[in-house]
Engineer: 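Can you read through this structure? Questions will come right after.
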Amino acid sequence: TKPLHFINTSHIMNLRFSHVDILVSHLQKTVDYHKQLLDGVASEVQVWKNGDFHVEFQVLFHSDKERIFFVHPISGNLKTLLEEKGNGTIYRLCYVSPDVTNCHFQFLSKGIQPENENGDPIHLNDLNKPNETNIMWLPKQHGSSLSIEVLEEETFEKKLSALRAKAT
């Protein structure tokens, strides 16, 4: 066998579960309830707009590692999904990786075309949108509304740390 320092590990995506995203009709009411229920703290309301896509969300922090993103869609595909599936729909599993570019290549090598938040193919030069964290989504399968998101770990964790520092 080869010594460890000669083994090529570029094929390893090194994905780690980060959080779940849940659609809600009433953001503040939902966050307040779960904050009390789980003895957690919540971030301030965050806004994400990109073209017709517009959501408000809060992150509930429970313990050092558990996070839940409660998402209230204003317009776009998530608003339609909320109307179709209802309040409390888990619509996304979110993972982090130290190297999203490598993940992109690995998914392509498996015949999986990563996408942007609108379901369009995403290319390497587009990974760094919309919030300065390398991010991509994997295509939904078999009519499912559940998606998988992959975020660049270092930048994303820094942003979450900043949100948690101000959470109440």
Engineer: Go through the structure and list residues passing ring-ring contact (aromatic ring centres under 6.0 Å, His included) with F69, not counting sequence neighbours.
Structural biologist: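 Partners of F69 by the ring-ring contact (aromatic ring centres under 6.0 Å, His included) criterion, ordered by chain and then number, come out as H19, F57.
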Engineer: To the nearest 0.5 Å, tell me how far R92 CZ sits from S18 OG.
Structural biologist: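 Here the rounded value is 12.0 Å.
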Engineer: Measure the CD1-CE distance between I148 and M136 for me, rounded to the nearest 0.5 Å.
Structural biologist: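 CE of M136 is found 11.0 Å from CD1 of I148.
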Engineer: Under a 4.5 Å cut-off applied to non-hydrogen side-chain atoms, are N77 and L81 in contact?
Structural biologist: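 SC-SC contact between N77 and L81 ruled out.
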Engineer: Could you pull out the closest heavy-atom pair between S145 and K85, with the gap in Å?
Structural biologist: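 Closest approach of S145 to K85: OG-CE, 3.8 Å.
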Engineer: If Ile, Leu, Val, Met, Phe, Trp and Tyr residues are connected whenever their side-chain heavy atoms lie under 4.5 Å apart, and connections chain through other members, are V150 and F17 in the same group?
Structural biologist: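 Yes, one cluster joins them.
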Engineer: Where is the tightest heavy-atom contact between S75 and D52, given as atom of each residue plus distance?
Structural biologist: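 Minimum heavy-atom separation between S75 and D52: OG-O, 2.7 Å.
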Engineer: What closest approach, in Å, do L151 and I135 show between heavy atoms, and which atom pair accounts for it?
Structural biologist: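 For L151 versus I135, the nearest heavy atoms are CD2-CD1, 3.5 Å.
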Engineer: Using the rule given for side-chain contact (heavy atoms from CB on, under 4.5 Å), can you reason through R164 versus S161, listing the C-alpha separation, both sets of side-chain angles and the distance that settles it, and then say yes or no?
Structural biologist: CA-CA 5 Å; R164 182 172 182 123; S161 292; 5.7 Å; no
Engineer: Identify, with sequence neighbours excluded, every residue that meets salt bridge (Lys or Arg N to Asp or Glu O under 4.0 Å) alongside K158.
Structural biologist: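 In terms of salt bridge (Lys or Arg N to Asp or Glu O under 4.0 Å), with neighbours along the sequence ignored, K158 is linked to E154.
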Engineer: Between H54 and W48, is any pair of side-chain heavy atoms under 4.5 Å apart?
Structural biologist: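 A side-chain contact under 4.5 Å is absent here.
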Engineer: Using side chain to side chain donor-acceptor pair (under 3.5 Å) as the criterion, list what pairs up with Q28, not counting sequence neighbours.
Structural biologist: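 Counting only residues at least two positions away or on another chain, Q28 forms a side chain to side chain donor-acceptor pair (under 3.5 Å) with D32.
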Engineer: Keeping the roles fixed (side chain from T30, backbone from V24), state whether a donor-acceptor pair exists under 3.5 Å.
Structural biologist: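 No; zero donor-acceptor contacts below 3.5 Å.
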Engineer: Starting from the C-alpha separation in whole Å, work towards a yes-or-no answer on side-chain contact (heavy atoms from CB on, under 4.5 Å) for V59 and L160.
Structural biologist: CA-CA 8 Å; V59 182; L160 283 183; 4.3 Å; yes
Engineer: Below 4.5 Å, heavy atoms only, C-beta onward: do I122 and H104 meet side chain to side chain?
Structural biologist: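 In short, these two side chains touch, coming nearer than 4.5 Å.
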Engineer: Mind listing the closest non-hydrogen atom pair of L60 and L38 along with its distance?
Structural biologist: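 That would be CD2-CD1, 3.8 Å.
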Engineer: Ignoring hydrogens and geometry beyond distance, is a side-chain donor-acceptor pair present between S97 and R16 at under 3.5 Å?
Structural biologist: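 R16 and S97 do not have a side-chain donor-acceptor pair below 3.5 Å.
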Engineer: Side chains of F53 and L78: closer than 4.5 Å at any heavy-atom pair?
Structural biologist: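 Touching, per the 4.5 Å side-chain cut-off.
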Engineer: Are T155 and E152 linked by a side-chain donor-acceptor pair shorter than 3.5 Å?
Structural biologist: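 Their side chains do contain a donor-acceptor pair, which is all the 3.5 Å distance test asks for.
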Engineer: Roughly how far, to the nearest 0.5 Å, is the OG1 atom of T101 from the CD atom of Q106?
Structural biologist: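 Here the rounded value is 11.5 Å.
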Engineer: Same cluster for L146 and I68 if Ile/Leu/Val/Met/Phe/Trp/Tyr side chains link at under 4.5 Å?
Structural biologist: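 Both belong to a single hydrophobic cluster.
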Engineer: Would you indicate whether the side-chain heavy atoms of T80 and E84 approach each other to under 4.5 Å?
Structural biologist: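 Result yes, sub-4.5 Å side-chain heavy-atom pair found.
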Engineer: How about K35 and T168: do any of their side-chain heavy atoms sit closer than 4.5 Å?
Structural biologist: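 Sidechains of T168 and K35: in contact.
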Engineer: To the closest 0.5 Å, what do you measure between CG (L82) and NE2 (H72)?
Structural biologist: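 If I round to the nearest 0.5 Å, the distance is 8.0 Å.
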Engineer: Can a donor-acceptor pair be found between the side chains of W137 and E149 at a distance below 3.5 Å?
Structural biologist: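 Side chains of W137 and E149: pair found under 3.5 Å.
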Engineer: Within the 4.5 Å heavy-atom criterion, are C94 and D21 side-chain neighbours or not?
Structural biologist: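 Yes; the side chains approach each other to less than 4.5 Å.
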Engineer: Linking I/L/V/M/F/W/Y whenever their side-chain heavy atoms sit closer than 4.5 Å, directly or via other members, would I74 and L23 fall into one cluster?
Structural biologist: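 No, separate clusters.
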Engineer: Look up atom CG in L138 and atom CD1 in I112, then write down how far apart they are to the nearest 0.5 Å.
Structural biologist: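 If I round to the nearest 0.5 Å, the distance is 6.5 Å.
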Engineer: Are the charged groups of R67 and E157 less than 4.0 angstrom apart, N to O?
Structural biologist: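 Yes, charged N to carboxylate O under 4.0 Å.
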Engineer: Can you tell if the side chain of D120 reaches within under 4.5 Å of the side chain of E115, non-hydrogen atoms only?
Structural biologist: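 A side-chain contact is absent here, since even the closest heavy-atom pair is not under 4.5 Å.
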Engineer: Restricting to non-hydrogen atoms, name the atom on P73 and the atom on V71 that form the minimum distance, rounded to 0.1 Å.
Structural biologist: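 Looking at all heavy atoms of both residues, the closest pair is CD-O, 3.5 Å.
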Engineer: So, taking the atom named CZ in F156 and the one named OH in Y95, what distance separates them when rounded to the nearest 0.5 Å?
Structural biologist: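 Those atoms lie 14.0 Å apart.
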Engineer: Between L108 and Q113, which heavy-atom pair has the shortest distance, and what is it?
Structural biologist: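 Nearest pair, atom of L108 first, then Q113: CD2-OE1, 3.5 Å.
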